Amino acid sequence: MKPRIALIAHDMKKDDMITLAAQYIDFLRGCHLVATGTTGGRLANELGLTIDRKHSGPFGGDLQIGAHLVDGQIDAVIFLRDPMTPQPHEPDINALVRACDVHNVACATNLSTAHLVLSQLKLAARK
């Protein structure tokens, strides 16, 4: 079964997400990808990835992804957060990260953990 990965990035982290996804492009092409609005649009337009796009985070996209996660439809979340900028939808962000903890879903919130999660998923997919 294809890994199901959610990709989310705050505004100041979107370039990092594009760079990260480009490094794992061959692997990500074989995954089912879901992303919040603008992040998903950039991944599709700039890298040609097929993305199930949800609303932007401030308009409920984080909650939409959280609902998929709770229903067992997400295997991992890559959420590049900007810890230096207040987010108007912080409660939604916290709810998504909490749902990852409650449902034991890997959640990478920075580039270091994103590389670890993606490299392990890639390794597992080869088996």
Side-chain angles (χ1 to χ4, degrees):
M1 183 156 86
K2 292 182 184 185
R4 301 163 299 180
I5 304 171
L7 302 170
I8 307 164
H10 287 151
D11 288 344
M12 297 301 291
K13 299 294 183 173
K14 289 192 191 323
D15 288 342
D16 289 341
M17 179 64 81
I18 297 301
T19 301
L20 176 72
Q23 292 172 334
Y24 292 90
I25 190 92
D26 292 333
F27 167 66
L28 292 175
R29 282 192 177 116
C31 298
H32 174 79
L33 303 175
V34 59
T36 48
T38 308
T39 301
R42 286 196 57 189
L43 290 164
N45 293 334
E46 295 177 36
L47 300 178
L49 290 169
T50 301
I51 307 285
D52 177 9
R53 288 178 63 194
K54 303 301 179 189
H55 293 288
S56 291
F59 294 97
D62 299 331
L63 294 174
Q64 288 178 301
I65 289 174
H68 287 298
L69 188 147
V70 169
D71 287 340
Q73 299 170 1
I74 301 289
D75 300 312
V77 175
I78 307 298
F79 191 164
L80 300 184
R81 298 174 65 185
D82 178 3
M84 304 308 287
T85 303
Q87 301 296 323
H89 60 295
E90 194 69 35
D92 297 350
I93 295 164
N94 292 337
L96 176 59
V97 173
R98 182 178 180 279
C100 290
D101 291 342
V102 168
H103 294 278
N104 200 32
V105 171
C107 180
T109 60
N110 60 52
L111 283 172
S112 293
T113 55
H115 282 289
L116 289 171
V117 169
L118 290 172
S119 64
Q120 287 301 302
L121 288 171
K122 181 178 174 181
L123 186 64
R126 289 183 187 166
K127 295 179 181 181

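Everything quoted here is computed from the prediction, not taken from an experiment.
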Inter- and intrachain pairs under salt bridge (Lys or Arg N to Asp or Glu O under 4.0 Å), touching residues 35-57, at least two apart: Asp15-Arg42, Arg42-Glu46, Asp52-Lys54

Name the atoms and distances for all side-chain donor-acceptor pairs under 3.5 Å in residues 89-108, with sequence neighbours left out.
from	atom 1	to	atom 2	distance (Å)
His89	NE2	Asp62	OD2	3.1
Glu90	OE2	Arg81	NH2	3.2
Asn94	ND2	Glu90	O	3.4

Transitive ILVMFWY side-chain link Val117 to Ile18, under 4.5 Å: yes

Residues that, via side-chain heavy atoms closer than 4.5 angstrom, fall in one hydrophobic cluster with Met84: none

Cluster link Val34 to Leu7, ILVMFWY, side chain under 4.5 Å: no

Ring pair (Phe, Tyr, Trp, His ring centres under 6.0 Å) contacts touching residues 30-75 (sequence neighbours left out): none

Thr113-Asn110 side chain donor-acceptor pair, cut-off 3.5 Å: yes

Heavy-atom closest contact (Lys122 atom, Phe27 atom, distance): CA-CE1, 3.6 Å

Shortest non-hydrogen contact from Pro3 toward Gly30: CD-O, 4.3 Å

Pairs flagged by salt bridge (Lys or Arg N to Asp or Glu O under 4.0 Å) wherever residues 23-34 is involved - sequence neighbours left out: Asp26-Arg29

Lys13 and its side chain to side chain contact (heavy atoms under 4.5 Å, CB included) partner, picked from Leu80, Thr85, Ile8: Leu80

Polar side-chain atom of Arg4 near backbone of Leu69 as donor-acceptor pair, under 3.5 Å: no

Any residue meeting ring pair (Phe, Tyr, Trp, His ring centres under 6.0 Å) with His115, in chain and number order, not counting sequence neighbours: Tyr24

Closest contact, heavy atoms only, Ser56 versus Thr38: OG-OG1, 3.6 Å

Joint hydrophobic cluster, Val70 plus Val77, side-chain heavy atoms closer than 4.5 Å: no

Whether Lys14 side chain and Ala9 backbone form a donor-acceptor pair below 3.5 Å: yes

Hphob cluster co-occupancy, Ile5 + Leu47, side-chain heavy atoms under 4.5 angstrom: yes

Non-hydrogen side-chain atoms of Ile78 and Met17 separated by less than 4.5 Å: yes

From CG (Leu33) to NZ (Lys2), nearest 0.5 Å: 8.5 Å

Flag side-chain contact, heavy atom, 4.5 Å: Leu118 against Leu20: yes

pair Thr39-Ile51: side-chain heavy atoms closer than 4.5 Å: no

Joint hydrophobic cluster, Leu43 plus Leu121, side-chain heavy atoms closer than 4.5 Å: yes

Non-hydrogen side-chain atoms of Asp82 and Asp11 separated by less than 4.5 Å: no

